[in-house]
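To start, the structure under review is shown below, and the notes come after it.
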Amino acid sequence: MSTTFPLCYSHNAGSSENLRRDISAKTDHNHALAMNQRVPKSARTIRTQSKIAKISTRRHNLPGTRDLLSYVNLGSMQDALHLFENMRKCDPFVWNVVIRGLTSNGNYEEAIDFYYRMQFEGVRADNFTYPFVIKACTGSFCFIEGQKVHSKLVKVGFDLDIYICNSLIVMYAKLRLIELAERVFEEMPVRDLVSWNSMISGYVSIGEGWNALFCFREMQELVGLRPDRFSTISALGACSLEGTLRCGKEIHGLTIRSGFEWDVMVQTSLVDMYTKCGRVDYAERLFESLSNKSIVLWNAMIGGYSLNGKPLESFACLKKMLEDDNFNPDVITAISLLPSFAQIGALLPGKTIHGFAIRKGFLPHLVLETALIDMYGKCGKVKFARKIFNHMSERNLVSWNAMIAAYVQNGHNSEALELFQDLWREPFNPGATTITSILPAYAEVALLREGKQIHSYITKLNIGSSTFISNSLVYMYAKCGDLQTAREIFDRLLNKDVISWNSVIMAYAIHGFGENSVKLFSEMREEGIKPNASTFVSLLTSCSIAGMTEEGWEYFNSMKTDYGIDPGIEHYGCMLDIIGRSRNLELAKRFIDEMPLVPTARIWGSLLVASRHNRNIELAELAAKHILSLEHDNTGCYVLLSNMYAEVGRWEDVERIKRLMNNGGFERNTGYSTVENNGKTYKFNNLDMSHINTSLIYDVMYIISKKIREDIYVHNVTKFRPLDVIRKRLTSPECHSVRLAICFGLISVSLGSPVLVRKNIRICEACHSAAKKISEVTGREVVVGDPKMHHHFRNGRCSCGDYW
DNA sequence: AGTTACGGCC
């Protein structure tokens with residue numbers, strides 16, 4: 001085998017085992033090309049020379065030195081410092097010993113203080129002092145001090161010392177100033193293995209795996225250095241980062257050839273690498289073959305199962321760890337295990353881990369708390385998640401992301417947006433993960449202006465070309481009422497996947513433009529994209545909103561026969577909406593009875609809406625009973641039923657429901673509508689009088705109401721009216737928020753542009769019919785987005801075909 | 001007397 005190895009500069013790989021054979025690598029020039037060339041040019045020209053020893057031969061005979069050393073080496077810094085204060089301190093050696101002690105005990109600030117004190121007392125820092133001080137700057141993330149120390153050591157001519165330069169490389173890499181690390185590396189006259197290793201691990205620590213691997217190869221091929229365990233561990237970390245199994249296997253081969261496949265840390269890194277590259281099977285085989293397992297190795301394997309969506313194996317691995325090796329689970333075990341419980345929504349085991357962590361004193365712990373937030377979020381316990389978030393003494397971007405995702409996953413969109421707003425006041429900037437989590441919340445509740453803002457931030461982050469993000473944007477623009485922009489983003493998208501198509505089909509669906517959805521579906525098939533289950537959710541939603549009953553049935557039937565997709569519960573839900581539209585309640589009821597899946601609250605919800613449209617209170621009561629047995633806090637259900645009772649004047653039942661809601665502690669969602677003008681958002685409640693132009697708005701509303709011939713109850717409240725009339729007046733639709741918002745929109749939004757209103761709850765029938773008339777008499781397009789869809793009112797008609 | 005190090009959260 002005489003191939004050149006891209007990563008391992010070594011020859012004969014001889015081994016009989018399968019795994020080892022797998023590993024014997026083939027050349028892959030693409031990988032070399034993929035790694036962009038970040039490594040300093042001079043690295044390729046200067047060859048490492050033998051290390052120039054710079055060992056101080058000074059003798060250290062000051063009294064107490066021996067004791068000082070042993071105190072420091074034993075870690076008793078108290079004693080060391082006490083002794084130090086009583087010593088003569090003319091020799092840098094004693095200072096170095098103390099600074100080293102402080103640094104290795106994590107007292108970085110104090111170490112830096114001693115460095116300054118030393119200079120103040122006239123003792124010159126020597127070549128041994130600087131690595132300790134630089135390490136202290138690294139540990140305390142102190143860039144300013146680091147720079148000062150760096151310029152000082154250049155002045156006194158220590159910038160050629162290999163130990164000092166190596167420390168500087170690590171410092172700059174840890175401070176994420178990789179360019180400075182590269183410059184130190186580049187300007188070194190002599191580099192040793194540690195210099196290279198520091199550069200490699202530096203690239204890994206900032207997430208630049210390919211640069212690390214490139215560096216790893218350069219070290220071997222151009223300089224002829226053999227990687228040691230440090231280089232190997234870092235290089236494996238780089239493979240994990242990039243998920244490159246091929247490179248990982250090559251390095252595995254190298255470890256076997258170099259003989260440090262028996263190194264415990266290397267073994268752990270290998271297991272980790274295989275799980276991160278998606279090969280739990282390789283990791284497992286390696287893991288099983290190791291006889292001396294450390295807690296770190298067990299944790300790596302448990303975490304590997306979690307990562308690869310194998311929660312049960314992860315849990316089994318924990319049990320084996322407890323039985324076989326009697327290891328005590330540590331904080332990392334807990335952290336590795338939690339994603340498993342999160343995945344399967346296993347609240348109880350998750351809580352057990354939480355309790356265990358509390359008993360063990362693991363908390364507070366940034367990463368553990370974040371993992372708990374994630375677990376509680378995925379188990380539907382947003383309140384628990386928030387409680388942990390609130391109590392955290394320290395938070396990073398990941399914790400924020402986890403909390404935001406917890407809100408979004410559970411439909412708490414407004415809370416998610418509020419938290420996202422708070423995030424801007426924190427010292428870290430939202431990243432791609434944050435955006436990915438928050439975009440669905442923007443789609444559900446944000447205004448177009450806010451959506452545009454987040455879009456421009458996405459452009460600034462340079463993640464707009466990501467198919468995943470673009471798909472979310474398509475849906476978000478559609479949900480915010482801007483179908484045109486949604487379409488433009490879709491059209492510009494270079495790599496359209498099935499989700500892109502699903503999104504754009506859904507975009508037209510929620511605006512009631514069914515023909516466009518159907519057209520896109522056939523275009524999609526022409527492009528050779530295979531529809532999936534979600535495609536049919538989009539399509540059937542489109543058919544239901546646009547009232548395309550026949551097409552709906554056709555698609556529903558073709559799912560199984562033509563595409564081999566079994567209809568899921570969402571598909572049955574869409575069909576029920578379609579049936580509901582056709583006013584055939586009998587069929588709707590039968591459809592539920594005969595469907596092969598257990599009806600969910602959403603299914604009964606469809607029946608409830610259908611009953612409401614057909615004014616069938618008995619069926620509505622049945623649907624409501626089922627909904628409330630599944631979701632006792634479904635306020636929408638109470639309200640709908642109560643409205644139905646009110647419409648027929650059954651006030652006792654209205655009261656009964658009101659009492660039920662009060663007893664349950666559920667509050668009716670107060671309806672509001674928002675409209676934008678000139679970059680400002682205007683929010684209206686029912687009967688809103690708070691707006692600066694209130695009288696003008698109400699004037700417009702009066703005129704409009706007259707024009708569309710509605711009776712007016714507003715502003716003439718008198719004391720002695722029959723009860724139901726008073727009730728009716730208090731809820732009179734003329735001053736429903738949406739009406740006020742439309743009126744404000746009519747006078748503020750420039751002519752020619754549609755009036756865009758967003759509403760948090762379903763638009764009521766009276767307002768719907770009024771909006772149609774308004775569009776007719778004013779000749780303007782009014783678009784009202786409610787949680788389900790966007791009603792396009794044009795020339796007296798609505799895109800929903802009067803069923804919503 | 002000094003420099004590099006495995007497993008963790010979205």
Side-chain angles (χ1 to χ4, degrees), chain A residues 54-56 58 60 65 69 72-73 92-97 99-101 103-104 126-135 138 161-171 173-174 192-202 204-205 228-234 236-237 240 263-273 275-276 294-304 306-307 330-339 342 365-375 377-378 395-406 408-409 430-438:
Chain A
K54 255 199 169 183
I55 293 163
S56 166
R58 195 199 300 263
H60 318 290
T65 306
L69 255 176
V72 166
N73 290 336
F93 179 82
V94 285
W95 288 91
N96 293 348
V97 171
I99 294 173
R100 169 168 69 102
T103 301
S104 54
D126 64 11
N127 52 325
F128 288 97
T129 317
Y130 284 102
F132 302 133
V133 178
I134 294 166
K135 205 177 176 182
T138 311
D161 184 290
I162 203 157
Y163 284 91
I164 292 175
C165 288
N166 291 345
S167 308
L168 284 172
I169 291 172
V170 175
M171 176 182 81
K174 285 264 163 66
D192 65 1
L193 187 57
V194 177
S195 322
W196 284 92
N197 288 349
S198 303
M199 221 42 237
I200 296 168
S201 80
V204 174
S205 70
D228 65 355
R229 43 203 291 275
F230 289 98
S231 342
T232 309
I233 289 165
S234 297
L236 285 170
S240 301
D263 184 288
V264 190
M265 282 197 196
V266 171
Q267 289 166 348
T268 311
S269 297
L270 280 167
V271 167
D272 178 59
M273 180 275 294
T275 64
K276 296 245 169 77
S294 71
I295 178 85
V296 180
L297 184 63
W298 280 104
N299 288 345
M301 198 62 233
I302 292 172
S306 288
L307 184 73
D330 64 5
V331 64
I332 306 233
T333 318
I335 293 164
S336 311
L337 217 43
L338 281 171
H365 187 291
L366 176 66
V367 179
L368 178 59
E369 285 160 319
T370 306
L372 284 167
I373 290 173
D374 179 53
M375 183 274 296
K378 295 224 168 80
R395 301 184 193 104
N396 62 11
L397 184 59
V398 185
S399 354
W400 282 81
N401 291 346
M403 192 57 231
I404 289 171
V408 178
Q409 284 154 6
T433 314
T434 325
I435 301 300
T436 311
S437 308
I438 198 71

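We use all heavy atoms of the structure for the numbers below, so side chains are in, but hydrogens, waters and symmetry mates are not. Every chain is numbered from 1 and lettered A, B, ... according to where its sequence line falls, protein lines coming before strand lines. Small disclaimer: the values here were computed from a predicted structure and weren't measured.
- A donor and an acceptor atom, one from each side chain of A/N197 and A/R229, are nowhere located under 3.5 Å apart.
- We find that CG of A/L297 is positioned 12 Å from P of B/dG7, with the value rounded to whole Å.
- Straight-line distance from the CH2 atom of A/W400 to the P atom of B/dC9: 21 Å, rounded to whole Å.
- Residue ring and base: A/Y163 counts as stacked with B/dG2 (centre distance below 5.5 Å, interplanar angle below 30°).
- Rounded to whole Å, atom C1' of B/dT3 lies 9 Å from atom CG of A/D161.
- Remark: A/R395 engages no residue in a salt bridge (charged side-chain N to carboxylate O under 4.0 Å, His left out) (not counting sequence neighbours).
- Using a 4.0 Å cut-off, some side-chain N or O of A/K135 falls inside it from OP1 or OP2 of B/dT3.
- Atom CZ of A/R395 and atom P of B/dC10 are 18 Å apart (whole Å).
- Note: CG (A/D263) to C1' (B/dG7) measures 14 Å, nearest angstrom.
- Residue ring and nucleobase are stacked for A/F230 and B/dT4, with a centre distance beneath 5.5 angstrom and an angle between planes beneath 30°.
- For the pair A/N127 and A/P131, the tightest heavy-atom approach, listed with the atom from each and the gap, is O-CD, 3.2 Å.
- For A/V296, the side-chain contact (heavy atoms from CB on, under 4.5 Å) partners are A/T268, A/S294, not counting sequence neighbours.
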